[in-house]
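Keep in mind that what you see is a predicted model, and the values were worked out from it rather than measured. Residues take their numbers from the sequence shown, with the count starting at 1.
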Amino acid sequence: MRLVLLALVAWVLAAPAAWAIAPSEMLKDPVLEHRARELSKELRCPKCQNQSLDDSEADIARDLRRIVRERMVAGDSNQEIKDYLVARYGEFVLLKPPVKESTWILWFGPLGLAVIGAFVIWQIARRGRAKLATEPDRGPDDEETTGSVTG
């Protein structure tokens with residue numbers, strides 16, 4: 001019973017991505033359809049900014065999926081289709097932009113922030129150790145000299 005329930009939950013969770021593409025959009029050739037689905041996962045919906053064309057239910061995503069399939073049937077390669085969409089919508093349409101000078105901040109920014117954060121933490125720890133090293137040791141006699149009276 002648990003297995004059936006788990007399978008049902010998994011099916012419901014996985015279903016929205018599958019429902020985004022209407023059966024009428026699909027190509028009859030399973031190889032081309034698989035290729036179109038894989039390419040659509042790499043392309044961003046211009047309206048739903050963090051969804052791929054494959055996941056989005058927006059009208060423009062549906063139109064772009066249709067263009068992808070039409071160009072595949074016409075014999076275009078995946079790169080030619082990407083180039084076509086980038087020419088129309090800019091590199092924004094790529095979920096994984098290419099590494100080049102204008103995208104260095106996207107690719108290396110998080111690493112730079114991690115290095116800066118590690119350096120700041122190292123400096124704080126170093127200052128803490130230096131401060132502890134310069135302070136005189138406090139022993140039981142210090143309580144008497146500082147005026148700590150316990151009764």
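L43 and V99 are not part of a single hydrophobic cluster, where members link through side-chain heavy atoms under 4.5 Å apart. F92 and W107 are not part of a single hydrophobic cluster, where members link through side-chain heavy atoms under 4.5 Å apart. The hydrophobic cluster containing F108 does not contain L94, counting ILVMFWY residues as joined when their side-chain heavy atoms lie under 4.5 angstrom apart, directly or transitively.
Side-chain atoms of L53 and R44, non-hydrogen and from C-beta on, never get closer than 4.5 Å to each other. Residues L64 and P46 meet the side-chain proximity criterion, which asks for heavy atoms closer than 4.5 Å. Taking 4.5 Å as the limit, every side-chain heavy atom of E25 sits out of range of all side-chain heavy atoms of R66. Side-chain contact check for V93 versus V86: some heavy-atom pair is nearer than 4.5 Å. Contact annotation: the side chain of I60 approaches that of Y89 to within less than 4.5 Å [non-hydrogen atoms, C-beta and beyond]. Put simply, the side chain of R37 reaches to within 4.5 Å of the side chain of M26, judged on heavy atoms.
Once rounded to the nearest 0.5 Å, the distance linking CG of L132 with CZ of R127 reads 14.5 Å. Put simply, NZ on K41 and NZ on K96 are 14.0 Å apart, with the number rounded to the nearest 0.5 Å. If you take CG on L95 and CG on D55, they are separated by 9.0 Å, rounding to the nearest 0.5 Å. E70 CD to I81 CD1: the interatomic distance, rounded to the nearest 0.5 Å, is 10.5 Å.
E80 contributes a side-chain N or O that, together with a main-chain N or O of S77, makes up a donor-acceptor pair within less than 3.5 Å. Not one N or O on the side chain of S56 forms a donor-acceptor pair closer than 3.5 Å with the backbone of S52.
Put simply, the residue from V31, D29, L39 that forms a side chain to side chain contact (heavy atoms under 4.5 Å, CB included) with M72 is L39. Residue E33 is tested with R65, R69, K28 for a salt bridge (Lys or Arg N to Asp or Glu O under 4.0 Å); the sole match is R69.
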With a cut-off of 3.5 Å and sequence neighbours excluded, list every side-chain donor-acceptor pair involving residues 119-126.
from, atom 1, to, atom 2, distance (Å)
Q123, OE1, R126, NH2, 3.3

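L106 and P110 make their closest contact through O-CD, 3.7 Å (heavy atoms, listed as atom of the first residue, atom of the second, distance). In terms of heavy atoms, P97 sits closest to T103 at CB-CG2, 4.3 Å.
A salt bridge does not link E91 to K82: none of the charged nitrogens lies less than 4.0 Å from a carboxylate oxygen. Of the charged side-chain nitrogens involved, none lies within less than 4.0 Å of a carboxylate oxygen, so that E38 and R35 do not count as a salt-bridged pair.
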